[in-house]
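Before any comments, here is the structure.
This is a predicted model, so every value here is computed, not measured. Quick note on labels: first sequence line is chain A, next is B, and so on, each numbered from 1.
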Amino acid sequence: MVEQFAGAFADERIEKTGQNLKYDIAVLKWYDIQVNGPLFDTMIAHYLIEPDLRHNMDFLARTYLQYNPVPIEDLIGKKGKNQSGMRSVELGAQKEYACEDADITLQLRGVFEPMLDHTDTRALFEEIEMPLVRVLAAMESEGVKIDSENLNQFSEQLEKEIREMEQEIYRLAGGTFNIASPKQLGEILFDKMQLSDNPKQTKTKQHSTSEDVLQKLINKHPIIQQILDYRSLTKLKSTYVDTLPLLVNPRTGRIHTSYNQAVASTGRLSSNNPNLQNIPIRTERGREIRKAFVPRNDRFTLLSADYSQIELRLIAHMSGDEAMKEAFRHGLDIHSATAARIYNVEIEDVTREMRRNAKTVNFGIIYGISAFGLSERLNIPRKEAGDIIRQYFERFPGIKKYMDTTIAFARENGYVETIKKRRRYLRDINSGNAVVRGFAERNAINAPIQGSSADMIKIAMINIFEEFNRKKLRSKMILQVHDELVFDVHQEEVETVKPIIERLMKSAIELSIPVEVEMSTGSNWLEAH
DNA sequence: ATAAGCACGC
DNA sequence: GACGTACGTGCTTATA
């Protein structure tokens with residue numbers, strides 16, 4: 001049946017309009033049908049026009065066409081175990097539903113097209129977001145191989161350790177309880193054991209047992225460390241070790257994440273089912289999980305390429321701050337260089353503590369931190385934190401000026417934008433409520449940085465994908481983790497792809513300072529990173 | 001089903 | 001006196 005349309009789908013001259021085209025492309029690929037020609041995705045168009053709103057078709061139809069589409073529940077039943085599939089729906093109803101869907105989508109296209117011009121996002125849409133749809137579809141369908149046997153073994157080991165830890169915690173607490181229940185844990189630690197004089201409370205008046213609260217109590221009682229370790233291990237086991245093997249597709253033998261191109265209001269991608277953008281790396285045990293991500297077979301190797309300090313480089317570029325630009329031009333370790341300036345010492349004389357503080361401030365700058373936030377993170381008095389921030393702005397006046405002008409721009413225009421003109425609207429930027437306004441101000445600083453970084457890696461992905469296709473390489477791009485790309489590379493192509501990846505990542509957006517890309521290969525994701 | 005609290009990533 | 005660092009996804013528990 002569908003073969004009748006294969007010619008039209010493949011025709012370069014025919015533009016394809018749809019709501020979530022990546023899904024349609026994936027389904028058609030299943031029937032060996034290629035989709036060529038320009039794309040117009042209404043979901044993504046609306047994501048650029050109003051990034052913070054919803055982008056599902058029902059919402060769009062109601063908002064822009066004043067029309068309520070026939071709910072899918074009318075055909076396949078309410079959500080739950082009794083819900084059927086589209087295949088079991090009577091043909092006439094299927095036809096009505098499908099035609100309405102297509103009709104609405106085409107009407108939405110008519111509404112959104114002029115809006116792309118009015119918001120100055122047409123180039124972003126046509127040159128970045130639409131070409132990226134095909135790239136993501138290909139990465140998803142490619143998938144990544146994991147070593148399930150290894151994970152299953154690791155699971156048994158974790159199981160044992162968790163059981164032992166449980167017993168030890170019960171012994172230290174003088175009784176059994178559900179350690180995974182923050183409510184019960186809070187009662188044990190703070191009511192029964194009295195481990196704090198003024199326990200911090202959550203908004204529902206429970207005792208907070210969050211990581212930073214427990215971290216401060218770590219010297220009060222040995223149970224605290226045990227609980228932190230217990231939390232960390234059960235998290236690894238239930239979220240990754242036990243779950244990933246279940247998600248291996250039986251047809252391909254690989255794991256296929258799904259990238260969402262229209263959820264993060266800054267322009268980043270997100271990943272789910274499973275989320276492959278939050279695979280552990282910080283702890284020793286966590287790294288075991290990365291080892292389970294492997295090349296497709298022994299003729300391939302994994303290659304990871306990441307942007308080094310891309311967000312700070314973008315701040316340096318966008319703010320034009322000469323001191324920070326100089327640091328990057330000289331290829332200095334940016335956190336040490338920052339420490340040298342704020343503590344007014346030579347870079348060789350920067351201590352580990354000075355560097356650690358400077359690093360926290362640099363991250364704080366990206367997120368719009370306060371003196372209180374910095375003091376909490378560095379565990380130093382608020383006044384000291386305030387001094388560090390003052391000194392920072394004095395020694396990097398361009399950064400201070402950039403932050404002020406960005407907030408002023410937001411107040412004036414009601415939005416901020418990235419290098420590639422991606423917008424984020426900040427409706428609370430002129431709020432009389434200081435808390436609400438503060439939140440908008442932090443978004444005003446963060447969104448252009450995080451969003452420009454997203455613009456840049458998206459451009460790199462498109463260019464790399466197209467170059468690999470032109471050169472008919474067997475190697476494939478398989479993962480994106482915000483500032484990192486992972487490739488499954490054929491051994492014979494390693495020396496071919498390395499310079500391509502490096503060049504196209506560096507040149508995606510030209511900055512006034514050097515861009516650095518770190519690359520390495522290995523027999524698993526941990527070795528390659 | 002949904003919210004809360006927590007932990008993983010960048 | 002309250003507030004206090006951006007963006008996500010997903011697990012378990014507790015409650016409706």
Side-chain angles (χ1 to χ4, degrees), chain A residues 51-52 78-80 177-186 200-214 227-244 247 257-260 262-283 285-287 289-290 306-307 309-311 360-378 382 385-386 389 416 424 426 433-451 453-454 457 479-484 529:
Chain A
D52 281 311
K78 284 237 183 281
K79 268 197 275 189
F177 63 101
N178 189 341
I179 309 168
S181 162
K183 187 164 175 283
Q184 295 182 37
L185 179 63
K200 193 174 148 192
Q201 303 217 313
T202 66
K203 57 186 166 186
T204 55
K205 302 290 174 205
Q206 281 185 44
H207 300 308
S208 170
T209 65
S210 64
E211 143 106 61
D212 56 318
V213 168
L214 296 190
I227 286 162
L228 288 169
D229 291 346
Y230 175 88
R231 283 239 181 100
S232 148
L233 291 198
T234 51
K235 169 74 178 182
L236 293 183
K237 185 168 184 293
S238 69
T239 307
Y240 305 103
V241 181
D242 290 347
T243 309
L244 289 173
L247 295 170
T257 186
S258 158
Y259 288 102
N260 199 328
V263 285
S265 38
T266 53
R268 272 191 177 180
L269 299 176
S270 75
S271 154
N272 65 13
N273 296 311
N275 183 352
L276 296 185
Q277 291 181 324
N278 73 344
I279 300 302
I281 188 159
R282 235 180 58 246
T283 65
R285 296 281 191 2
R287 286 195 278 274
I289 295 162
R290 277 200 181 218
D306 35 326
Y307 282 117
Q309 304 293 355
I310 192 63
E311 293 193 340
T360 307
V361 183
N362 274 333
F363 277 107
I365 294 298
I366 296 172
Y367 301 143
I369 202 173
S370 64
F372 178 90
L374 186 64
S375 69
E376 278 290 298
R377 259 160 198 77
L378 291 176
R382 201 181 313 185
I389 291 174
V416 289
R424 178 161 190 193
L426 299 164
N433 181 327
V435 176
V436 172
R437 192 178 61 244
F439 195 73
E441 287 174 355
R442 291 197 292 280
N443 281 329
I445 301 299
N446 177 258
I449 300 164
Q450 193 179 112
S453 161
I457 197 164
L479 296 173
Q480 190 255 40
V481 192
H482 309 308
D483 62 358
E484 172 187 14
H529 187 82

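Between N443(A) and dC7(C), a side-chain N or O to OP1/OP2 separation shorter than 4.0 Å is present. Between N178(A) and dT13(C), a side-chain N or O to OP1/OP2 separation shorter than 4.0 Å is present. Contact annotation: Q184(A) reaches the phosphate of dA14(C) (side-chain N/O to OP1 or OP2, under 4.0 Å). One finds a side-chain N or O of T209(A) lying less than 4.0 angstrom from the OP1 or OP2 phosphate oxygen of dC6(B). Close to dA7(B), at under 4.0 Å from its OP1 or OP2, lies a side-chain N or O of R231(A). For the OP1/OP2 pair of dA14(C) and a distance below 4.0 Å, the side-chain nitrogens and oxygens of S181(A) include at least one atom meeting the criterion. Remark: T239(A) is not in phosphate contact with dG10(C), judged by side-chain N or O atoms under 4.0 Å from OP1 or OP2.
The distance from atom CZ of R285(A) to atom C1' of dG9(B) is 20 Å, rounded to the nearest whole Å. As rounded to whole Å, 9 Å separates atom C1' of dA6(C) from atom CZ of R442(A). We find that CD1 of I289(A) is positioned 10 Å from P of dC8(B), with the value rounded to whole Å. Here the C1' atom of nucleotide dG4(C) and the CG atom of L378(A) are 14 Å apart, to the nearest Å. Atom CZ of R290(A) and atom P of dG9(B) are 8 Å apart (whole Å). The distance between atom CG of D483(A) and atom P of dG8(C), rounded to the nearest whole Å, is 17 Å. Atom CG of L244(A) is separated from atom P of dC11(C) by 10 Å (rounded to the nearest Å). Rounded to whole Å, atom C1' of dA7(B) lies 9 Å from atom CG of N278(A).
Checking dC6(B), dT9(C), dC7(C) against the side-chain heavy atoms of A264(A) singles out dC7(C) as nearest.
Looking at heavy-atom distances under 4.0 Å, E376(A) makes no contact with the nucleic acid at all. Base contact: G373(A) has a heavy atom under 4.0 Å from a base atom. When heavy atoms are screened at a 4.0 angstrom cut-off, I279(A) is found touching the sugar-phosphate backbone but no base atom. Residue contacts for I281(A): at a heavy-atom cut-off of 4.0 Å it reaches the sugar-phosphate backbone alone, with no base atom in range. Base contact: R382(A) has a heavy atom under 4.0 Å from a base atom. Nucleic acid contact for E311(A): none, since no nucleic acid atom lies under 4.0 Å from a heavy atom of the residue. Within the nucleic acid shown, S265(A) comes within 4.0 Å of sugar-phosphate atoms alone, with no base atom in reach, counting heavy atoms only. Residue-level contact check: S232(A) touches the backbone only, with heavy atoms under 4.0 Å from sugar-phosphate atoms and none from bases. Residue contacts for F439(A): at a heavy-atom cut-off of 4.0 Å it reaches the sugar-phosphate backbone alone, with no base atom in range. Residue N260(A) is classed as having no contact, given no heavy-atom separation below 4.0 Å to the nucleic acid.
Ranked by how close their nearest DNA chain C nucleotide is to the 5' end, S238(A) and D52(A) are led by D52(A).
Although no hydrogens or angles enter the test, the distance criterion places no donor-acceptor pair under 3.5 Å between the side chain of Q184(A) and the main chain of I179(A). Of the possible polar contacts, one joining the Y259(A) side chain to the Q480(A) backbone as a donor-acceptor pair under 3.5 Å is found.
Under 3.5 Å, the side chain of R268(A) and the base of dC10(B) form at least one donor-acceptor pair of N or O atoms. One N or O donor and one acceptor, one from the side chain of Q450(A) and one from the base of dA6(C), sit under 3.5 Å apart.
Contact of the L236(A) side chain with the P280(A) side chain is registered, since non-hydrogen atoms from C-beta on lie closer than 4.5 Å. Side-chain contact between Q277(A) and L269(A): present, with at least one pair of heavy atoms (C-beta onward) separated by less than 4.5 Å.
Taking all atoms of both residues into account, the shortest heavy-atom contact from V416(A) to A447(A) is CG2-CB, 4.1 Å.
Of the N and O atoms on the side chains of S232(A) and R282(A), not one donor lies less than 3.5 Å from an acceptor on the other residue.
dG9(B) is paired with dC7(C) under the criterion used here, namely a Watson-Crick or G-U wobble arrangement in which both key atom distances are under 3.5 Å.
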